2 protein chains.
Amino acid sequence: MAHEPRWLDAQERQTWLSLGAMLINLQSALDAQMQRDQGISHFEYQVLAGLSEAADHTRRMSELAGLANGSLSRLSHVVKRLERLGWVRRLPDPDDGRYTLAVLTEEGFAKVAEAAPAHVEEVRRLVFDPLTRAQQTTLRSITERINRAVDPDRDEPDRPPRPPQ
Amino acid sequence: MAHEPRWLDAQERQTWLSLGAMLINLQSALDAQMQRDQGISHFEYQVLAGLSEAADHTRRMSELAGLANGSLSRLSHVVKRLERLGWVRRLPDPDDGRYTLAVLTEEGFAKVAEAAPAHVEEVRRLVFDPLTRAQQTTLRSITERINRAVDPDRDEPDRPPRPPQ
DNA sequence: CATTCTAACTTGACGCTTCAACCCACACTC
DNA sequence: GAGTGTGGGTTGAAGCGTCAAGTTAGAATG
């Protein structure tokens, strides 16, 4: 038999409602800005940006999917579109034919460069500017904790891997 | 001519990456739990829960859409499905025929009651348990600030409306 | 009381994401 | 080196959300 559930109290309830709203609305705001200004989705931007930050503008598909927080299947469909648009090329990894490498083209890089300034500006406006420095710091810690609860196998970037026992 | 964009520094970048990941992964975790245990989406649950919390298990469609953070169009499609499943009924508001009232049925209420315990448990596990009390408090404040930045016309619940000048 | 306006809601089509099935390259085993 | 396993990637179909267009009820205007 199950225990009586630990219902949320009034405080927690408000916090949860507010977080739930943010989950939806922040996403759609970022998507709307990117769609309006650049005609691409926020996810497509993340893919292009992920490539532009790689040393040779090249990444494995699986690596890219992780960066953009999407499934491999979703990425595959999206990269097919981006390839049709001439912003990305795909080729099998010469070192290991199981991997596929996605490479940013010149035109693709130009697109990211064009989109980036308005995007950071929007992130600043919606996320950082409304918060105090202390809140920004706490936000990082909060999101890292929640991310670990959601996916314990996840390794936060820039955090040294815990040494094996 | 545009100013040089205020790029994110290393700190901010990590915070933003972590928040972006949470935006996606928390949502999909909640969705996955609800789909697995109850065969419905998290959004559908929110709709049913929104009705179950109303005095007479009845709400206007537009009110419901706001509660569940979805468009009216999306809600209309979803309620059609919930109606087919026998969990919700729709009728025009007798007081004002422009509104549509959605009413939770007995079966619909039973469904929410069945789904609710595991849902709160999941919310606790993923959101509240990993955080300190102080972080929980700060989280509310952070999400409210971001929500206001995203949509300035939004009125946070349980916050007295600012008196007109 | 006719006209116009506004806002709530619905609908269908289109586009995107998911899901399951599949293919393929390499590793591992015997 | 044949057989099996594993994991990366792709594909097509099915389902869901969005968008634009349409419908309707009531308010506002004359």
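Chain A is the first sequence line, chain B the second, and so forth, proteins listed ahead of strands; every chain is numbered from 1. Computed from a predicted structure; not experimentally measured.
- Closest non-hydrogen pair, L101(A) versus T58(A), comes out as CB-CG2, 4.0 Å.
- Side chains of N147(B) and S18(A): a donor on one and an acceptor on the other come within 3.5 Å.
- For the pair H42(A) NE2 and dC16(C) P, the computed distance is 16 Å after rounding to whole Å.
- Going from atom CG of D95(A) over to atom C1' of dA27(C) covers 17 Å, rounded to whole Å.
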Annotated protein contacts, base or backbone, on nucleotides 3-9 of chain C with a non-hydrogen cut-off under 4.0 Å, one of B, S, - each: -----SB
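- R36(B) CZ: more than 12 foreign heavy atoms inside a 6.0 Å radius.
- Q46(A) places no side-chain N or O within donor-acceptor distance of the main-chain N or O of L67(A), the cut-off being under 3.5 Å.
- If you check the side chains of S41(B) and D31(B), you find no donor sitting under 3.5 Å from an acceptor.
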Where do N or O atoms of nucleotides 15-22 of chain D meet protein N or O atoms at under 3.5 Å, pair by pair?
{"unit_1": "dG17(D)", "atom_1": "OP1", "unit_2": "R74(B)", "atom_2": "NE", "d": "3.0"}
{"unit_1": "dG17(D)", "atom_1": "OP1", "unit_2": "R74(B)", "atom_2": "NH2", "d": "2.5"}
{"unit_1": "dT18(D)", "atom_1": "O4", "unit_2": "H77(B)", "atom_2": "NE2", "d": "3.0"}
{"unit_1": "dC19(D)", "atom_1": "N4", "unit_2": "S73(B)", "atom_2": "OG", "d": "2.7"}

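- Checked by atom type and distance alone, the side chain of T138(A) pairs as donor or acceptor with a backbone atom of A134(A) at under 3.5 Å.
- Look at CZ on R84(A): it is 11 Å from P on dG15(C), rounded to the nearest Å.
- Between D96(A) and K80(B), the residue anchored closer to the 5' end of DNA chain C is K80(B), taking for each the nucleotide with the nearest heavy atom.
- Checking Q135(B) against S141(A) by side-chain atom types alone, a donor-acceptor pair falls below 3.5 Å.
- Comment: E122(A) engages R125(A) in a salt bridge, judged by a side-chain N to carboxylate O separation of less than 4.0 angstrom.
- Atoms CG (D31(A)) and P (dG15(C)) sit 16 Å apart, rounded to a whole Å.
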